[in-house]
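Worksheet: one structure, shown below.
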Amino acid sequence: TPQGPSVPAADSFEINAGPQGGCPNGALEPKLDAGLANPTAGTYSPFSIRLTREDGTQEFAGLTTTPPLGFTARLAGIPYCSDQAIAQARGREHPGAGRQEIDSPSCPAASEVGTVTAGAGAGPSPFYVSGKLYLAGPYKGAPLSLVAIIPAVAGPFDLGTVVNRVASYVDPETAQIKAVTDPLPQILSGIPVDTRDLRVDLNRQNFALAPTSCEPKTLAADVQGASGQSATASQRFQVGGCSQLKFKPEVSLTLKGGVKRSKHPALRAVVTYPQKGRYANTAKASVALPHSEFLEQSHIRTICTRVQFAAEACPKGAIYGKARAFTPLLEKPLEGPVYLRSSSNPLPDLVLDLRGQINVVSVARIDSHNGGIRTRFEAVPDAPLSKVVLEMQGGKKGLLVNSRNICKQVNKATAKFTGQNGKLSESRPVLKADCKKPKPKKKKHR
């Protein structure tokens, strides 16, 4: 090869315009587009979220999404992608392992609930890669999670697999979901990611379920930027067709134990909902017992404070019954104790602490109405139910006391239910009791 002294060479260029004509401002300016493919109340429909930003704006570093109230999903029959399978996917994050994830997915197909697509890169035409979204178990204190697994393969370039887990928190009183992602990748195998377009599609059949309330709602996304800033993008959300939904819950009330005056019977209340057809979910529920039943305040022994309840440290003495709630959304019913909890009202609140795949807390106010005991649930989550069973203790622990012999006449309660679509359902269920007539004694023959 020729030998000789080095000859210095130099050139220069000037950048006087950004991708949109001006210089990049580095601001965090996310844009949100989301909604149901079929925005009809009470129906299953694919649900999509799209978050975008202009070239030259601040990159996305994290995302918290809050779907509208009443948006739920059917988890029954869907197995979790295990922690071991997720760990296997994370083991494929190194360069050259993306194709391995394509050929042999880490999570089972039965766990798949949707797809994820990401567009990255500068210029007018970002490069898009797609992956799958799976249902997974508890994560970071959330009862559920989703895991996005995206093979980062672009033609001959294999940058490995991107794995991002999303903690899915459920508000126990409203059942509203809050989905929080892990930090989004900024650099992949030494290459800046520069994500500009992020799309999530929940397209599993009979998975995403629309609310049964047609009131306007909001879908929000809190975005964290790569420079530490944060911004919120939101979009109006509303479904239609609520007036076409029926609403007809049925209430059954049964007393078990002593029927005479001053006795303390146990109470079993059952609310059932039709299983066929399209029905609205319950928004409010009220049951007023007849004058045959009074509240035995001397039997109110221990009350759980709100601080104790929030710390899951209620004393056992504050338990006065148990409850179960069945829903088609879950494989198993939610069940748990019924507490008396301190309240700003004259009487303590009745609280159903239901546990299972998710946790739900249902709070009822106890008061006096027309001289009788009334229990009111003022805010019921917009979620389908098939049956709710409430069993209150009797005897020395019973909160009810008979004001008369309940077998001397028919005693009817007043049940008033309001649907999420505004429809009312009123009924007068009979308070059933063990009122079997004694068998006549046989006469003795001499």
Side-chain angles (χ1 to χ4, degrees), residues 34-48 66-76 170-177 202 206-220 234-252 269-288 325-330 333-334 352 354 358 360-365 374-390 413-429:
L36 292 162
N38 177 18
T40 302
T43 59
Y44 289 101
S45 169
F47 179 77
S48 62
T66 306
L69 274 171
F71 173 81
T72 53
R74 188 175 185 270
L75 306 179
V170 181
D171 186 292
E173 293 194 16
T174 65
Q176 188 170 28
I177 303 166
L202 298 176
N206 294 336
F207 179 69
L209 181 62
T212 61
S213 166
C214 286
E215 292 296 321
K217 299 175 178 63
T218 300
L219 187 150
S234 62
Q235 181 172 322
R236 186 178 183 275
F237 179 95
Q238 190 173 21
V239 296
C242 290
S243 61
Q244 300 175 11
L245 300 177
K246 302 176 183 178
F247 184 66
K248 193 173 178 59
E250 294 184 3
V251 181
S252 172
V270 180
V271 182
T272 55
Y273 296 84
Q275 299 304 297
K276 294 182 179 180
R278 294 177 59 230
Y279 285 84
N281 301 323
T282 298
K284 298 179 181 181
S286 169
V287 176
F326 299 79
T327 170
L329 301 182
L330 303 176
L334 303 178
L352 283 60
L354 304 173
I358 62 171
V360 173
V361 174
S362 189
V363 182
R365 177 182 176 182
R374 181 176 63 175
T375 304
R376 292 186 294 163
F377 293 88
E378 292 293 336
V380 181
D382 189 357
L385 293 168
S386 51
K387 183 170 67 173
V388 177
V389 180
L390 172 66
T414 301
K416 296 181 179 180
F417 283 62
T418 304
Q420 292 283 348
N421 60 351
K423 291 186 177 180
L424 301 177
S425 175
E426 297 187 16
S427 61
R428 296 295 309 278

**Q.** side chain to side chain contact (heavy atoms under 4.5 Å, CB included) between F207 and Y44, worked out
**A.** CA-CA 6 Å; F207 179 69; Y44 289 101; 5.7 Å; no
Q. Can you check side chain to side chain contact (heavy atoms under 4.5 Å, CB included) on K387 and V270, steps first, answer last?
A. CA-CA 7 Å; K387 183 170 67 173; V270 180; 3.9 Å; yes
Q: Under the side chain to side chain contact (heavy atoms under 4.5 Å, CB included) rule, what do K217 and L219 come out as? Steps first, then yes or no, please.
A: CA-CA 7 Å; K217 299 175 178 63; L219 187 150; over 6 Å; no
Q: Go through the steps for R374 and S286 under the test side-chain hydrogen bond (donor to acceptor under 3.5 Å, both in side chains), then give the verdict.
A: CA-CA 7 Å; R374 181 176 63 175; S286 169; 4.6 Å; no
Q: Report the C-alpha separation of Q235 and T218 in whole Å, then their side-chain angles, then the decisive distance to 0.1 Å, and conclude whether the side chain to side chain contact (heavy atoms under 4.5 Å, CB included) test is met.
A: CA-CA 6 Å; Q235 181 172 322; T218 300; over 6 Å; no
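Distance CG/L330 to CD1/I358: 5.5 Å, rounded to 0.5 Å. Note that NZ of K284 and CD of E378 are 5.5 Å apart. Values are rounded to the nearest 0.5 Å.
Counting only heavy atoms from C-beta outward, the side chains of P429 and V251 approach each other to under 4.5 Å. Side chains of N281 and P384 form a contact here, defined as non-hydrogen atoms less than 4.5 Å apart. Looking at T174 and L69, their side chains come closer than 4.5 Å, going by heavy atoms from C-beta outward. Considering only heavy atoms from C-beta on, V271 stays 4.5 Å or farther from E250 through its side chain. Residues L329 and L209 form a side-chain contact, since some pair of their non-hydrogen atoms from C-beta on lies under 4.5 Å apart.
Shown here are the ring pair (Phe, Tyr, Trp, His ring centres under 6.0 Å) partners of F417, two or more places apart in sequence or in another chain: there are none.
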Listed pairs under 3.5 Å, donor-acceptor, residues 237-249 side chains, sequence neighbours left out:
| residue | atom | partner | partner atom | Å |
| --- | --- | --- | --- | --- |
| Q238 | OE1 | R236 | NH1 | 3.1 |
| Q238 | OE1 | R236 | NH2 | 2.6 |
| Q238 | NE2 | C214 | O | 2.7 |

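No donor-acceptor contact under 3.5 angstrom links the side chains of T375 and R365, judged on distance only. The closest side-chain donor-acceptor pair between Y279 and T212, if any, does not fall under 3.5 angstrom.
Residue V363 comes nearest to F377 through the heavy atom pair O-CD2, 3.5 Å, listed as atom of the first residue, atom of the second, then distance. Closest of all the heavy-atom pairs between T72 and A383 is CG2-CB, 4.4 Å. When all heavy atoms of A210 and T40 are compared, the pair lying nearest together is CB-O, 3.5 Å. Across D382 and S213, no two heavy atoms sit closer than the pair OD2-N, 3.3 Å. Heavy-atom minimum distance, Q420 versus T282: NE2-O, 3.1 Å. Taking all atoms of both residues into account, the shortest heavy-atom contact from L385 to Y273 is O-CB, 3.3 Å.
Checked by atom type and distance alone, the side chain of R428 pairs as donor or acceptor with a backbone atom of A413 at under 3.5 Å. Of the possible polar contacts, none joining the T418 side chain to the A283 backbone as a donor-acceptor pair under 3.5 Å is found. A donor-acceptor pair is defined here as one N or O able to donate and one able to accept, closer than 3.5 Å; such a pair exists between the side chain of S45 and the backbone of N38. Remark: the backbone N or O of P67 is paired with a side-chain donor or acceptor of Q176 at under 3.5 angstrom.
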